[in-house]
Enquirer: 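One structure, as C-alpha coordinates, below. Some questions next.
All heavy atoms count here, side chains included; hydrogens, waters and symmetry mates do not. The sequence lines fix the lettering, A, B, ..., with proteins before strands; numbering per chain opens at 1.
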2 protein chains.
Amino acid sequence: MVSNAVSQEFARKVTTEGVTVAEWSFMRALYDEEAVAPSVLAEKMGMTKGAISKLADRLLAKGLVARIESEQDKRAHSLLLSAEGRAKVPVLASLADENDAEYFGVLTMDEREALDRTLKALAARRGLRNIPAD
Amino acid sequence: MVSNAVSQEFARKVTTEGVTVAEWSFMRALYDEEAVAPSVLAEKMGMTKGAISKLADRLLAKGLVARIESEQDKRAHSLLLSAEGRAKVPVLASLADENDAEYFGVLTMDEREALDRTLKALAARRGLRNIPAD
DNA sequence: TATTGTTATACTCTATAACTATA
DNA sequence: TATAGTTATAGAGTATAACAATA
(Lines give C-alpha, C1' and ligand atoms only; values in the text may rest on other atoms or scores of the structure.)
Protein backbone atom coordinates (compact mmCIF):
# COMPACT_ATOMS: atom_id res chain seq x y z
CA MET A 1 0.00 0.00 0.00
CA VAL A 2 2.73 2.41 1.01
CA SER A 3 4.85 1.76 -2.04
CA ASN A 4 1.84 2.06 -4.32
CA ALA A 5 0.68 5.30 -2.79
CA VAL A 6 4.14 6.82 -2.99
CA SER A 7 4.72 5.86 -6.56
CA GLN A 8 1.26 6.78 -7.78
CA GLU A 9 1.66 10.21 -6.31
CA PHE A 10 5.11 10.52 -7.83
CA ALA A 11 3.73 9.47 -11.20
CA ARG A 12 1.18 12.24 -10.94
CA LYS A 13 3.91 14.75 -10.11
CA VAL A 14 6.28 13.85 -12.94
CA THR A 15 3.40 13.92 -15.39
CA THR A 16 3.14 17.63 -14.78
CA GLU A 17 6.70 17.83 -16.08
CA GLY A 18 5.74 15.96 -19.23
CA VAL A 19 7.43 12.66 -18.50
CA THR A 20 6.38 9.25 -17.24
CA VAL A 21 8.04 7.41 -14.39
CA ALA A 22 9.75 5.00 -16.79
CA GLU A 23 11.10 7.95 -18.73
CA TRP A 24 12.37 9.51 -15.52
CA SER A 25 14.17 6.28 -14.61
CA PHE A 26 15.72 6.22 -18.02
CA MET A 27 16.92 9.79 -17.70
CA ARG A 28 18.20 9.18 -14.21
CA ALA A 29 20.21 6.22 -15.47
CA LEU A 30 21.80 8.40 -18.14
CA TYR A 31 22.57 11.22 -15.74
CA ASP A 32 25.51 9.41 -14.16
CA GLU A 33 27.23 8.82 -17.46
CA GLU A 34 28.29 10.47 -20.63
CA ALA A 35 26.85 8.23 -23.30
CA VAL A 36 25.55 4.70 -22.91
CA ALA A 37 24.78 1.94 -25.38
CA PRO A 38 21.14 0.77 -25.36
CA SER A 39 22.28 -2.74 -24.49
CA VAL A 40 24.15 -1.47 -21.43
CA LEU A 41 21.14 0.56 -20.39
CA ALA A 42 18.92 -2.50 -20.77
CA GLU A 43 21.19 -4.40 -18.43
CA LYS A 44 21.37 -1.51 -15.98
CA MET A 45 17.62 -1.04 -15.90
CA GLY A 46 16.70 -4.71 -15.98
CA MET A 47 14.72 -4.36 -19.18
CA THR A 48 14.89 -5.88 -22.64
CA LYS A 49 16.54 -4.03 -25.46
CA GLY A 50 13.14 -3.82 -27.20
CA ALA A 51 11.70 -1.93 -24.27
CA ILE A 52 14.70 0.38 -24.15
CA SER A 53 14.37 1.04 -27.86
CA LYS A 54 10.77 2.13 -27.46
CA LEU A 55 11.45 4.31 -24.43
CA ALA A 56 14.42 5.89 -26.19
CA ASP A 57 12.19 6.70 -29.18
CA ARG A 58 9.81 8.65 -27.02
CA LEU A 59 12.56 10.52 -25.24
CA LEU A 60 14.26 11.35 -28.53
CA ALA A 61 10.94 12.66 -29.84
CA LYS A 62 10.59 14.81 -26.72
CA GLY A 63 14.10 16.12 -27.23
CA LEU A 64 15.27 14.98 -23.82
CA VAL A 65 17.71 12.41 -25.12
CA ALA A 66 20.11 12.38 -28.06
CA ARG A 67 22.08 9.68 -29.82
CA ILE A 68 25.55 9.48 -31.23
CA GLU A 69 26.45 6.90 -33.83
CA SER A 70 29.45 4.71 -33.27
CA GLU A 71 32.17 5.12 -35.86
CA GLN A 72 33.88 1.81 -35.27
CA ASP A 73 30.69 -0.25 -35.39
CA LYS A 74 27.99 0.92 -37.76
CA ARG A 75 25.33 -1.10 -35.96
CA ALA A 76 25.89 0.60 -32.66
CA HIS A 77 25.12 3.93 -31.09
CA SER A 78 25.01 5.51 -27.65
CA LEU A 79 22.36 7.46 -25.86
CA LEU A 80 22.88 10.55 -23.77
CA LEU A 81 20.84 13.30 -22.21
CA SER A 82 20.29 16.43 -24.28
CA ALA A 83 20.99 19.76 -22.59
CA GLU A 84 17.28 20.05 -21.93
CA GLY A 85 17.12 16.53 -20.57
CA ARG A 86 20.10 17.06 -18.32
CA ALA A 87 18.60 20.26 -16.97
CA LYS A 88 15.38 18.44 -16.23
CA VAL A 89 16.89 15.72 -14.07
CA PRO A 90 17.42 17.86 -10.97
CA VAL A 91 13.88 19.20 -11.33
CA LEU A 92 12.48 15.69 -11.42
CA ALA A 93 14.80 14.62 -8.61
CA SER A 94 13.44 17.39 -6.46
CA LEU A 95 9.92 16.20 -7.20
CA ALA A 96 11.01 12.78 -5.99
CA ASP A 97 12.49 14.29 -2.83
CA GLU A 98 9.43 16.39 -2.27
CA ASN A 99 7.25 13.37 -2.72
CA ASP A 100 9.29 11.36 -0.23
CA ALA A 101 9.24 14.20 2.26
CA GLU A 102 5.50 14.46 1.84
CA TYR A 103 4.89 10.78 2.36
CA PHE A 104 7.44 9.95 4.97
CA GLY A 105 6.99 13.25 6.75
CA VAL A 106 4.35 11.70 8.97
CA LEU A 107 7.04 9.52 10.51
CA THR A 108 9.30 10.65 13.32
CA MET A 109 12.96 11.13 12.51
CA ASP A 110 13.77 7.89 14.32
CA GLU A 111 11.19 5.98 12.33
CA ARG A 112 12.45 7.41 9.07
CA GLU A 113 16.01 6.52 9.90
CA ALA A 114 15.08 3.01 10.91
CA LEU A 115 13.06 2.52 7.73
CA ASP A 116 15.87 3.84 5.60
CA ARG A 117 18.45 1.65 7.31
CA THR A 118 16.35 -1.48 7.09
CA LEU A 119 15.46 -1.06 3.43
CA LYS A 120 19.07 -0.37 2.55
CA ALA A 121 20.18 -3.46 4.46
CA LEU A 122 17.54 -5.50 2.64
CA ALA A 123 18.62 -4.22 -0.76
CA ALA A 124 22.26 -4.89 0.06
CA ARG A 125 21.67 -8.39 1.38
CA ARG A 126 19.53 -9.31 -1.59
CA GLY A 127 21.92 -7.70 -4.04
CA LEU A 128 19.24 -5.48 -5.53
CA ARG A 129 20.55 -3.02 -8.05
CA ASN A 130 17.97 -2.44 -10.77
CA ILE A 131 16.54 1.00 -11.08
CA PRO A 132 12.78 0.61 -10.67
CA ALA A 133 10.94 1.85 -13.73
CA ASP A 134 7.48 2.02 -12.24
CA MET B 1 13.91 -1.21 -5.46
CA VAL B 2 12.70 -3.40 -2.63
CA SER B 3 9.05 -2.96 -3.44
CA ASN B 4 9.70 -3.60 -7.12
CA ALA B 5 11.70 -6.71 -6.49
CA VAL B 6 9.11 -8.12 -4.11
CA SER B 7 6.20 -7.50 -6.39
CA GLN B 8 7.92 -8.65 -9.55
CA GLU B 9 8.77 -11.90 -7.90
CA PHE B 10 5.24 -12.23 -6.60
CA ALA B 11 3.88 -11.57 -10.08
CA ARG B 12 6.02 -14.41 -11.36
CA LYS B 13 4.70 -16.71 -8.65
CA VAL B 14 1.00 -16.00 -9.17
CA THR B 15 1.42 -16.43 -12.90
CA THR B 16 2.17 -20.08 -12.27
CA GLU B 17 -1.33 -20.25 -10.76
CA GLY B 18 -2.84 -18.74 -13.87
CA VAL B 19 -3.70 -15.31 -12.51
CA THR B 20 -2.21 -11.84 -12.63
CA VAL B 21 -1.53 -9.66 -9.62
CA ALA B 22 -4.50 -7.43 -10.42
CA GLU B 23 -6.71 -10.51 -10.61
CA TRP B 24 -5.37 -11.69 -7.29
CA SER B 25 -6.18 -8.33 -5.71
CA PHE B 26 -9.64 -8.52 -7.13
CA MET B 27 -10.16 -12.02 -5.73
CA ARG B 28 -8.72 -11.02 -2.39
CA ALA B 29 -11.16 -8.13 -2.19
CA LEU B 30 -14.07 -10.49 -2.83
CA TYR B 31 -12.86 -13.03 -0.31
CA ASP B 32 -13.98 -10.97 2.68
CA GLU B 33 -17.51 -10.63 1.43
CA GLU B 34 -20.40 -12.53 0.01
CA ALA B 35 -21.26 -10.60 -3.11
CA VAL B 36 -20.16 -7.11 -4.05
CA ALA B 37 -21.40 -4.63 -6.62
CA PRO B 38 -18.80 -3.60 -9.21
CA SER B 39 -19.17 0.01 -8.13
CA VAL B 40 -18.37 -0.89 -4.53
CA LEU B 41 -15.39 -2.92 -5.65
CA ALA B 42 -14.17 0.00 -7.73
CA GLU B 43 -14.28 2.21 -4.66
CA LYS B 44 -12.62 -0.42 -2.51
CA MET B 45 -9.82 -1.04 -4.98
CA GLY B 46 -9.34 2.57 -6.00
CA MET B 47 -10.08 1.86 -9.64
CA THR B 48 -12.63 3.07 -12.16
CA LYS B 49 -15.69 1.02 -12.92
CA GLY B 50 -14.42 0.50 -16.46
CA ALA B 51 -11.28 -1.15 -15.17
CA ILE B 52 -13.31 -3.32 -12.81
CA SER B 53 -15.57 -4.35 -15.65
CA LYS B 54 -12.62 -5.52 -17.72
CA LEU B 55 -10.98 -7.40 -14.86
CA ALA B 56 -14.30 -9.02 -13.95
CA ASP B 57 -14.71 -10.18 -17.55
CA ARG B 58 -11.42 -12.00 -17.43
CA LEU B 59 -12.13 -13.62 -14.09
CA LEU B 60 -15.59 -14.68 -15.24
CA ALA B 61 -14.01 -16.23 -18.32
CA LYS B 62 -11.55 -18.08 -16.11
CA GLY B 63 -14.41 -19.32 -13.94
CA LEU B 64 -12.94 -17.80 -10.79
CA VAL B 65 -15.73 -15.29 -10.29
CA ALA B 66 -19.48 -15.44 -10.77
CA ARG B 67 -22.22 -12.84 -10.92
CA ILE B 68 -25.72 -12.62 -9.59
CA GLU B 69 -28.24 -10.26 -11.07
CA SER B 70 -30.09 -7.92 -8.80
CA GLU B 71 -33.83 -8.42 -8.70
CA GLN B 72 -34.75 -5.00 -7.39
CA ASP B 73 -32.63 -3.09 -9.86
CA LYS B 74 -32.30 -4.55 -13.32
CA ARG B 75 -29.19 -2.49 -14.08
CA ALA B 76 -27.25 -3.89 -11.19
CA HIS B 77 -25.50 -7.10 -10.30
CA SER B 78 -23.01 -8.37 -7.77
CA LEU B 79 -19.78 -10.26 -8.10
CA LEU B 80 -18.61 -13.11 -5.95
CA LEU B 81 -15.95 -15.79 -5.96
CA SER B 82 -16.86 -19.10 -7.55
CA ALA B 83 -16.08 -22.24 -5.53
CA GLU B 84 -12.93 -22.60 -7.56
CA GLY B 85 -12.03 -18.98 -7.03
CA ARG B 86 -12.63 -19.18 -3.31
CA ALA B 87 -10.48 -22.29 -3.05
CA LYS B 88 -7.70 -20.53 -4.89
CA VAL B 89 -7.44 -17.56 -2.55
CA PRO B 90 -5.60 -19.38 0.26
CA VAL B 91 -3.23 -20.87 -2.28
CA LEU B 92 -2.41 -17.45 -3.65
CA ALA B 93 -2.22 -16.03 -0.13
CA SER B 94 0.35 -18.62 0.77
CA LEU B 95 2.37 -17.65 -2.29
CA ALA B 96 2.27 -14.09 -1.00
CA ASP B 97 3.42 -15.22 2.45
CA GLU B 98 6.12 -17.38 0.96
CA ASN B 99 7.27 -14.49 -1.14
CA ASP B 100 7.42 -12.16 1.85
CA ALA B 101 9.27 -14.75 3.90
CA GLU B 102 11.71 -15.19 1.06
CA TYR B 103 12.38 -11.51 0.66
CA PHE B 104 12.27 -10.33 4.21
CA GLY B 105 13.95 -13.45 5.51
CA VAL B 106 17.33 -11.80 5.15
CA LEU B 107 16.33 -9.38 7.90
CA THR B 108 16.65 -10.16 11.57
CA MET B 109 13.45 -10.58 13.54
CA ASP B 110 13.98 -7.14 15.08
CA GLU B 111 14.43 -5.53 11.70
CA ARG B 112 11.33 -7.23 10.34
CA GLU B 113 9.26 -6.12 13.29
CA ALA B 114 10.50 -2.57 13.05
CA LEU B 115 9.77 -2.46 9.33
CA ASP B 116 6.32 -3.87 9.83
CA ARG B 117 5.55 -1.43 12.61
CA THR B 118 6.80 1.58 10.70
CA LEU B 119 4.96 0.76 7.50
CA LYS B 120 1.74 0.15 9.40
CA ALA B 121 2.13 3.45 11.24
CA LEU B 122 2.72 5.19 7.92
CA ALA B 123 -0.33 3.62 6.33
CA ALA B 124 -2.44 4.51 9.34
CA ARG B 125 -1.25 8.11 9.55
CA ARG B 126 -1.75 8.65 5.85
CA GLY B 127 -5.11 6.90 5.88
CA LEU B 128 -4.08 4.43 3.18
CA ARG B 129 -6.66 1.79 2.50
CA ASN B 130 -6.61 0.83 -1.17
CA ILE B 131 -5.66 -2.67 -2.05
CA PRO B 132 -2.68 -2.37 -4.36
CA ALA B 133 -3.38 -3.97 -7.72
CA ASP B 134 0.17 -4.10 -9.00
C1' DT C 1 -32.56 13.17 -15.14
C1' DA C 2 -29.48 10.27 -12.49
C1' DT C 3 -27.30 6.01 -11.95
C1' DT C 4 -25.31 1.16 -13.06
C1' DG C 5 -22.45 -1.00 -15.96
C1' DT C 6 -20.35 -1.75 -20.57
C1' DT C 7 -17.79 -0.47 -24.38
C1' DA C 8 -14.71 2.26 -27.34
C1' DT C 9 -10.54 4.41 -27.48
C1' DA C 10 -6.09 5.41 -26.10
C1' DC C 11 -1.65 5.16 -23.89
C1' DT C 12 2.01 3.19 -21.05
C1' DC C 13 4.73 -0.66 -19.90
C1' DT C 14 6.74 -4.67 -21.04
C1' DA C 15 7.89 -9.21 -23.05
C1' DT C 16 8.99 -12.38 -26.93
C1' DA C 17 10.41 -13.16 -31.18
C1' DA C 18 11.28 -12.07 -35.92
C1' DC C 19 14.02 -9.10 -38.58
C1' DT C 20 17.82 -5.80 -40.59
C1' DA C 21 22.26 -4.30 -40.91
C1' DT C 22 26.70 -5.00 -39.80
C1' DA C 23 30.74 -7.53 -37.86
C1' DT D 1 27.43 -16.88 -37.77
C1' DA D 2 27.04 -13.64 -34.06
C1' DT D 3 25.80 -9.25 -32.43
C1' DA D 4 23.40 -4.40 -32.03
C1' DG D 5 19.20 -2.53 -32.45
C1' DT D 6 14.48 -2.19 -34.39
C1' DT D 7 10.05 -3.64 -35.18
C1' DA D 8 5.87 -6.50 -34.99
C1' DT D 9 2.83 -8.47 -32.05
C1' DA D 10 0.63 -9.15 -27.90
C1' DG D 11 -1.32 -8.64 -23.41
C1' DA D 12 -1.78 -6.34 -18.90
C1' DG D 13 -3.17 -2.32 -16.59
C1' DT D 14 -5.60 1.68 -16.48
C1' DA D 15 -8.02 6.05 -17.59
C1' DT D 16 -11.60 8.90 -19.91
C1' DA D 17 -15.59 9.36 -22.07
C1' DA D 18 -19.52 7.91 -24.75
C1' DC D 19 -23.24 4.84 -24.40
C1' DA D 20 -27.37 1.66 -23.17
C1' DA D 21 -30.55 0.23 -19.96
C1' DT D 22 -33.08 1.19 -16.13
C1' DA D 23 -34.49 3.93 -12.15
Enquirer: Please check: side-chain N/O of A:Lys62 versus main-chain N/O of A:Val19, any donor-acceptor pairing under 3.5 Å?
Expert: no

Enquirer: Got B:Leu64 and B:Phe26 here, is their nearest side-chain heavy-atom distance under 4.5 Å?
Expert: no

Enquirer: Please identify which of these residues, A:Arg86, A:Glu34, A:Glu33, meets the side chain to side chain contact (heavy atoms under 4.5 Å, CB included) condition with A:Leu81.
Expert: A:Arg86

Enquirer: Heavy-atom count check: over 12 atoms from other residues, nucleotides or ligands less than 6.0 Å from B:Glu69 CD?
Expert: yes

Enquirer: Round to the nearest Å and state the distance from B:Phe26 atom CZ to D:dG13 atom C1'.
Expert: 14 Å

Enquirer: With a 4.0 Å cut-off on N to O distance, would you call A:Lys13 and A:Glu9 a salt bridge?
Expert: yes

Enquirer: Pull out every residue in residues 35-43 of chain B that has a heavy atom closer than 4.0 Å to any atom of DNA chain D, ordered by number, or say none.
Expert: none

Enquirer: Which of residues 4-20 of chain A sit near DNA chain D, with a heavy atom under 4.0 Å from it?
Expert: none

Enquirer: Look at atom CD of B:Glu43 and say whether more than 12 heavy atoms of other residues, nucleotides or ligands are closer to it than 6.0 Å.
Expert: no

Enquirer: Looking at side-chain heavy atoms only, is the closest gap between B:Leu60 and B:Val65 below 4.5 Å?
Expert: yes

Enquirer: Does the B:Ser53 side chain pair with the main chain of B:Lys49, one donor and one acceptor, at a distance under 3.5 Å?
Expert: no

Enquirer: Please check if any side-chain donor atom of A:Ser70 sits under 3.5 Å from a side-chain acceptor atom of A:Gln72, or the reverse.
Expert: yes

Enquirer: Heavy atoms within less than 4.0 Å of DNA chain C: which residues of residues 49-79 of chain A have one? Give them sorted by number.
Expert: A:Ala51, A:Lys54, A:Arg58, A:Gln72, A:Asp73, A:Lys74, A:Arg75

Enquirer: Distance from A:Arg58 atom CZ to A:Glu23 atom CD, nearest 0.5 Å?
Expert: 4.0 Å

Enquirer: Taking atom P of D:dT6 as reference, at what distance in whole Å does atom CE of A:Met47 sit?
Expert: 13 Å

